[in-house]
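Comments concern the structure below.
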Amino acid sequence: QVQLVESGGGLVQAGGSLRLSCAASGRTFSNYAMGWFRQAPGKAREFVASISRTGDTTYIEGSVQGRFTISRDNALNTVGLQMNSLKPEDTAVYYCAAGGFRRIATRAQNYDYWGQGTQVTVSS
């Protein structure tokens, strides 16, 4: 089992920044690729970003590319999502997820473990 706990969400004005963090415990963190997803009210959960086990490969969803960055620290068992130039449409609950594959994945079905989510609200 892998336990994931997100933090760093909150209320921010449009154009502002937030950094989300996800702390992992349980099994060896570096054995898991990681991802961030988000779910806005009334919408399906959608992929945001993914990072490989070693951190050498990342993939960012098109609508947030250039504004969001994913990173990980295998020594600290954490994965982060730096969000800049936030827009009201970025408002959602953000989830981190862990999957036993080596590189990256964009489908939620590929991930085995999920955190409880953290709310991000961007005001206009």
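Quick note: numbers below take in every heavy atom, side chains included, and nothing from hydrogens, waters or symmetry partners.
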Test of understanding: clusters of I, L, V, M, F, W, Y form through side-chain heavy atoms closer than 4.5 Å, transitively. Do Leu81 and Trp114 belong to the same one? no
Keeping [X] on the side-chain end and [Y] on the backbone end, is there a donor-acceptor pair under 3.5 Å?
{"X": "Arg67", "Y": "Ser85", "value": "yes"}
{"X": "Thr58", "Y": "Ser50", "value": "no"}
{"X": "Ser52", "Y": "Thr57", "value": "yes"}
{"X": "Gln39", "Y": "Glu46", "value": "no"}
{"X": "Asn77", "Y": "Ser30", "value": "no"}
{"X": "Arg19", "Y": "Gly9", "value": "no"}
{"X": "Thr91", "Y": "Val122", "value": "yes"}
{"X": "Arg53", "Y": "Gly100", "value": "yes"}

Does the Lys NZ or Arg CZ of Arg107 fall within the cation-pi geometry relative to Phe47 - under 6.0 Å from the ring centre and within 45° of the axis? no
Less than 6.0 angstrom from the centroid, inside 45 degrees of the normal: does Arg72 satisfy that with respect to the ring of Phe29? yes
Can you label the angle between the Tyr111 ring and the Phe37 ring as parallel, tilted or perpendicular, going by 30° and 60°? perpendicular
Could you go through the side-chain contact (heavy atoms from CB on, under 4.5 Å) check for Leu20 and Met83 one step at a time? CA-CA 8 Å; Leu20 305 184; Met83 306 186 295; 3.7 Å; yes
Intermediate values then yes/no, side-chain contact (heavy atoms from CB on, under 4.5 Å), Ile51 and Ile104: CA-CA 6 Å; Ile51 188 166; Ile104 60 169; 5.6 Å; no
Is it the case that more than 12 heavy atoms not belonging to Gln13 sit under 6.0 Å from its CD atom? no
Got a sec: does the OH of Tyr113 have more than 12 other heavy atoms crowding it under 6.0 Å? yes
Give the minimum heavy-atom separation between Leu18 and Leu86, together with the two atoms involved. N-CD1, 3.8 Å
Which heavy atom in Ala92 sits nearest to a heavy atom in Ala40, and how many Å separate them? CB-N, 3.8 Å
Could you walk me through whether Ser17 and Asn84 satisfy the side chain to side chain donor-acceptor pair (under 3.5 Å) test, starting with their C-alpha distance in whole Å, then the side-chain angles of each, then the deciding distance to 0.1 Å, before giving a yes or no? CA-CA 4 Å; Ser17 298; Asn84 299 327; 2.9 Å; yes
For a side-chain contact (heavy atoms from CB on, under 4.5 Å) check, start with the C-alpha distance between Asp90 and Val64, then their side-chain angles and the critical distance, and finish with the verdict. CA-CA 9 Å; Asp90 295 318; Val64 302; 4.2 Å; yes
